[in-house]
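Structure, as structure tokens:
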Amino acid sequence: MEDKLKIGKFEFNSRLFIGTGKYPTFEIMRKAHEASGAEAVTVALRRVNFNNNKDNILNYIDQKKYMILPNTAACFTAEEA
């Protein structure tokens with residue numbers, strides 16, 4: 001029996017989706033993602049620093065290994081999102 005999670009055209013071996021919040025550093029977050037076995041990472045848009053490539057959370061997420069799922073955490077209006 002095949003036990004993959006299928007969402008549209010995407011297939012995942014792991015059903016665990018891991019987030020990016022609550023880690024003390026981006027490096028610890030990166031290590032936690034690797035240890036988890038997850039294939040999908042949720043990223044709050046407010047955590048992405050689009051104006052600073054050096055201090056950008058996306059630099060610590062291997063986009064070839066993980067599906068990034070943007071979310072609008074802490075946004076209460078369409079304008080904030």
| said: Can a donor-acceptor pair be found, under 3.5 Å and without considering hydrogens, that links the side chain of H33 to the backbone of G19? | reply: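 Side chain of H33 to backbone of G19, a donor-acceptor pair under 3.5 Å: yes, one is there.
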| message | Treating Q63 as the side-chain partner and I68 as the backbone partner, does any N or O pair qualify as donor plus acceptor under 3.5 Å? | response |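 Side chain of Q63 to backbone of I68, a donor-acceptor pair under 3.5 Å: no, none is there.
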| request: Could you tell me the separation between the OH atom of Y60 and the CD1 atom of I28, rounded to the nearest 0.5 Å? | output: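 Nearest 0.5 Å value for the OH-CD1 distance: 11.5 Å.
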| task | State the OG1-CD1 distance between T20 and I61, to the nearest 0.5 angstrom. | result |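 It comes to 6.0 Å.
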| request: Could you tell me whether the side chain of D55 reaches within less than 4.5 Å of the side chain of F26, counting heavy atoms only? | output: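 Counting from C-beta outward, F26 and D55 do come under 4.5 Å.
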| task | Each residue besides I7 in its hydrophobic cluster should be listed here, by chain and number; the cluster joins Ile, Leu, Val, Met, Phe, Trp and Tyr at side-chain heavy-atom distances under 4.5 Å. | result |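 Same cluster as I7: L5, F10, F12, F17, M67, L69.
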| message | Is there a continuous path of hydrophobic side-chain contacts, each under 4.5 Å between heavy atoms, that joins L45 to F76? | response |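 L45 and F76: separate clusters.
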Could you tell me which non-hydrogen atom of [X] sits nearest to which non-hydrogen atom of [Y], and how far apart they are?
| X | Y | result |
| --- | --- | --- |
| Y66 | A40 | CD2-N, 4.4 Å |
| K4 | R15 | O-NH2, 3.7 Å |
| S14 | G37 | CB-O, 3.4 Å |
| N49 | N56 | O-ND2, 3.2 Å |
| I18 | A32 | CD1-O, 4.1 Å |

| message | Could you check whether atom CG of N53 has more than 12 heavy atoms from other residues, nucleotides or ligands sitting under 6.0 Å from it? | response |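 Count not over threshold, so no.
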| Restricting to pairs with a member in residues 19-29, which pass salt bridge (Lys or Arg N to Asp or Glu O under 4.0 Å), not counting sequence neighbours? |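 Output for this query lists E27-R30.
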